[in-house]
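First the structure, in the form of structure tokens, and then the observations on it.
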Amino acid sequence: MDARSERLFLGLDFSTQQIKAVAINDALKIVNETAVKFDTDLPEYKTQGGVHIHDDQVTVTAPTIMWVKAFDLLLDKMKKDGFPFDKVAGVSGAGQQHGSVYWRSGSAQILRNLSEKTTLHQQLQNCFSVPESPIWMDASTTKNCRELEEKVGGPLRLAEITGSRGFERYTGNQIMKISQTRPSEYKDTERISLVSSFAASLLIGDYAPIDLSDGSGMNLLDITTKKWSPECLEACGEDLSSKLGEPVPSKQIVGNVSQFLIGRYNFSPNCKVIAFTGDNPASLAGVAPKLGDAIISLGSSDTVFSWLPRQNAELEGHIFVNPIDCDTYMSLVCFKNGSLTRERIKDDCAEGSWEKFSEYLTKTPTGNKGNIGIYFDVMEIQPLVQGIFRFDSADQKVSSFPPEVEVRAVIESQMMARKLYMELRGMHIGPDTRILATGGASLNRAILQVISDVFGAPVFVSDIPNSAALGSCYRAKHGLEGCDFSDVVLNHPQPECVARPTEGASQVSKGRAGKDRYV
């Protein structure tokens with residue numbers, strides 16, 4: 001039998017609430033899925049949703065050693081189930097974006113000399129100068145964001161350099177806070193990792209570099225030169241460049257698996273580790289997009305991704321170096337008011353029935369006869385507004401709509417906002433554009449039809465429940481084989497086209513765009 005036909009590729013996802021492993025073969029068939037959930041499998045760390053929310057309600061962290069112990073449990077589970085580690089040719093992975101890990105001085109020596117006779121968490125338990133890692137949910141660094149923006153010449157200048165204005169969850173601002181408020185711990189830190197590069201370090205038994213795509217979520221990387229920005233580094237911490245190491249392309253092989261993994265779990269000594277990246281970039285890879293596609297993830301919060309040939313600076317949303325092709329870019333815009341807002345309208349106006357909700361969408365016309373509703377149940381990210389606003393066809397503010405008008409208004413206004421901010425970030429709808437819909441609401445064909453009408457493009461869906469881990473499998477194969485990503489995903493399940501724009505819908509949407517912008 002051809003050795004290639006037996007090869008496996010392993011993808012790991014170090015997310016907020018769990019670590020998940022997915023393995024595929026050369027034909028891209030999933031052959032293993034294993035997970036460890038932090039709250040239930042590691043109750044001794046007393047996390048809720050995988051995190052510790054501090055008394056001030058804005059500081060949010062996770063115990064770094066918990067992630068290490070979870071990785072031990074994951075590998076032990078797979079070994080017990082007979083997973084053939086020796087057939088794994090390449091490993092890559094994803095980590096929750098923006099989170100940071102602080103390795104104490106001397107930790108590199110410990111990583112390089114791990115004993116296969118005991119667990120990782122026992123050997124690394126004293127390796128972290130900051131035991132609780134700040135994560136993406138942390139919002140305690142507003143002062144640091146404004147300080148960073150001021151030092152580089154303002155928020156737009158920071159966005160021009162790094163792809164984003166100063167955001168509280170972004171790692172550079174977290175590092176600045178620690179360097180200012182915990183100077184002794186900062187001084188005792190020899191390496192700062194992202195969650196992604198931290199996870200890769202556990203595999204290679206040494207400090208793994210930060211990849212360009214996840215590094216774009218730090219307010220530190222110059223996304224044009226693909227190097228750390230000297231002015232951002234200087235603003236955020238002393239000697240920060242040496243603590244970060246040099247960033248690398250996302251498909252770079254960063255080493256072989258460690259002797260620890262070879263001895264304890266029977267990995268092949270030839271197994272390569274490809275740079276880990278963030279969970280959002282890995283999810284982009286997991287849906288196997290083409291240049292020009294837009295991906296809309298419809299969840300508790302809605303996220304719009306797109307693959308861009310070039311980038312332009314804006315104050316809204318984010319630009320990352322593309323994990324698939326580091327010469328191009330990936331835009332990301334997140335909206336807090338997603339499925340929970342849709343569910344509230346369903347409960348208030350459609351008798352709690354998605355079937356009734358869909359019926360209302362189907363029987364009301366595209367454009368909603370000029371009625372516009374804007375629904376920010378919680379403070380939105382862009383624009384920074386909270387409240388509910390309704391306008392009739394004469395642009396007069398009204399207090400309520402009939403139920404069927406309210407249902408269409410919430411979906412149309414949400415999707416108009418998704419399109420507007422996506423276009424502000426440089427994505428333009430062309431004749432070959434596909435909208436790839438994922439998440440819970442992607443099961444609702446009536447909602448997907450509205451998306452198609454608003455965007456003026458066909459909507460496709462595919463069932464990819466673990467896109468970050470699966471994308472990591474694809475990226476492992478991509479890095480190992482060095483071919484075009486399109487060749488790697490030839491056998492990826494083709495998405496199904498479920499909606500095409502209704503005739504005349506594009507003219508209605510174009511007419512509403514200026515109106516929505518004005519509102």
Side-chain angles (χ1 to χ4, degrees), residues 139 165 167 296-304 314-317 332-354 356-425 427 439-441 444 446-456 505-519:
R165 65 177 301 164
F167 280 91
I296 301 181
S297 175
L298 300 163
S300 300
S301 59
D302 288 350
T303 306
V304 181
E314 291 286 349
L315 295 180
E316 295 86 6
L332 182 152
V333 189
C334 189
F335 303 86
K336 279 188 181 178
N337 292 274
S339 66
L340 297 181
T341 301
R342 292 187 285 270
E343 287 174 16
R344 180 185 65 76
I345 298 295
K346 178 256 297 178
D347 293 340
D348 291 350
C349 299
E351 303 169 9
S353 164
W354 283 117
K356 188 84 169 175
F357 188 96
S358 298
E359 180 185 325
Y360 282 156
L361 278 179
T362 303
K363 78 177 190 179
T364 48
T366 301
N368 217 8
K369 296 184 177 178
N371 295 296
I372 296 175
I374 301 175
Y375 305 85
F376 300 139
D377 288 2
V378 297
M379 183 66 74
E380 190 48 85
I381 300 170
Q382 54 259 318
L384 197 65
V385 177
Q386 184 172 2
I388 297 170
F389 311 91
R390 300 179 184 87
F391 300 85
D392 63 17
S393 59
D395 278 346
Q396 297 301 305
K397 196 168 184 178
V398 295
S399 60
S400 63
F401 283 146
E404 67 275 13
V405 174
E406 189 95 303
V407 165
R408 177 164 282 276
V410 68
I411 302 300
E412 283 195 341
S413 68
Q414 283 187 339
M415 297 312 138
M416 286 298 300
R418 305 324 178 235
K419 182 184 181 187
L420 172 65
Y421 281 99
M422 187 187 76
E423 289 177 335
L424 284 174
R425 265 325 201 167
M427 172 72 186
N444 187 309
I447 291 177
L448 298 181
Q449 185 59 57
V450 175
I451 294 174
S452 182
D453 290 341
V454 168
F455 279 81
S506 62
Q507 294 306 311
V508 175
S509 294
K510 285 176 183 174
R512 286 170 55 86
K515 193 173 181 181
D516 278 0
R517 192 189 295 260
Y518 168 76
V519 170

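Note that the coordinates shown come from a computational prediction; the quantities given were computed from them, not determined experimentally. Reckoned from all heavy atoms, side chains included, excluding hydrogens, waters and symmetry mates.
- Gln382 contributes a side-chain N or O that, together with a main-chain N or O of Cys334, makes up a donor-acceptor pair within less than 3.5 Å.
- Leu361 and Arg408 get closest at one heavy-atom pair: O-NH2, 2.6 Å.
- Applying the salt bridge (charged side-chain N to carboxylate O under 4.0 Å, His left out) test to Asp377 and every residue at least two apart in sequence or in another chain returns Arg344.
- Of all non-hydrogen atoms in Met422 and Phe455, the two that sit nearest each other are CE-CE2, 3.6 Å.
- For the pair Val398 and Asp392, the tightest heavy-atom approach, listed with the atom from each and the gap, is CG1-OD2, 3.9 Å.
- Atom-to-atom distance recorded for Cys349:SG and Glu404:CD is 9.5 Å, nearest 0.5 angstrom.
- Minimum heavy-atom separation, Gly317 to Val333: CA-CG2, 4.2 Å.
- By the 4.5 Å heavy-atom criterion applied to side chains, Phe357 and Ile411 are counted as neighbours.
- Panel note: side chain Thr364, backbone Val405; no donor-acceptor pair is recorded below 3.5 Å.
- Judged by distance alone, the side chain of Ser358 and the main-chain N or O of Trp354 form a donor-acceptor pair under 3.5 Å.
- For the atom pair OH (Tyr375) and CD1 (Ile345), the distance works out to 5.5 Å, reported to the nearest 0.5 Å.
- Contact annotation: the side chain of Tyr421 never approaches that of Glu314 to less than 4.5 Å [non-hydrogen atoms, C-beta and beyond].
- In this structure the side chain of Phe335 never reaches within 4.5 angstrom of the side chain of Thr341, judged on heavy atoms.
- The side-chain heavy atoms of Val450 and Glu412, taken from C-beta on, include a pair separated by under 4.5 Å.
- Residue Arg165 holds its CZ atom at 5.5 Å from CG of Leu315, rounded to the nearest 0.5 Å.
- No side-chain heavy atom of Asp302 sits less than 4.5 Å from a side-chain heavy atom of Ile296.
- By the side chain to side chain contact (heavy atoms under 4.5 Å, CB included) test, Ala441 is found to be paired with Leu298, Arg342, Ile447, residues two or more places apart in sequence or in another chain being considered.
- A distance of 9.0 Å separates CD in Gln414 from CZ in Phe376, rounded to the nearest 0.5 Å.
- Atom CZ of residue Phe167 and atom CD1 of residue Ile381 lie 7.5 Å apart, to the nearest 0.5 angstrom.
- With rounding to the nearest 0.5 angstrom, the NZ atom of Lys336 is 9.0 Å from the CD atom of Gln386.
- Partners of Tyr360 under the ring-ring contact (aromatic ring centres under 6.0 Å, His included) rule, at least two apart in sequence or in another chain, do not exist in this structure.
- Of the possible donor and acceptor atoms, none in the side chain of Arg390 sits under 3.5 Å from a partner among the backbone N and O of Gly373.
- Minimum heavy-atom separation, Glu316 to Leu424: OE1-CD1, 4.4 Å.
- The backbone N or O of Gly299 lies less than 3.5 Å from a partner atom in the side chain of Ser339, making a donor-acceptor pair.
- Contact record, Ala446 with Thr362: CB-OG1, 4.2 Å, taken as the closest heavy-atom pair.
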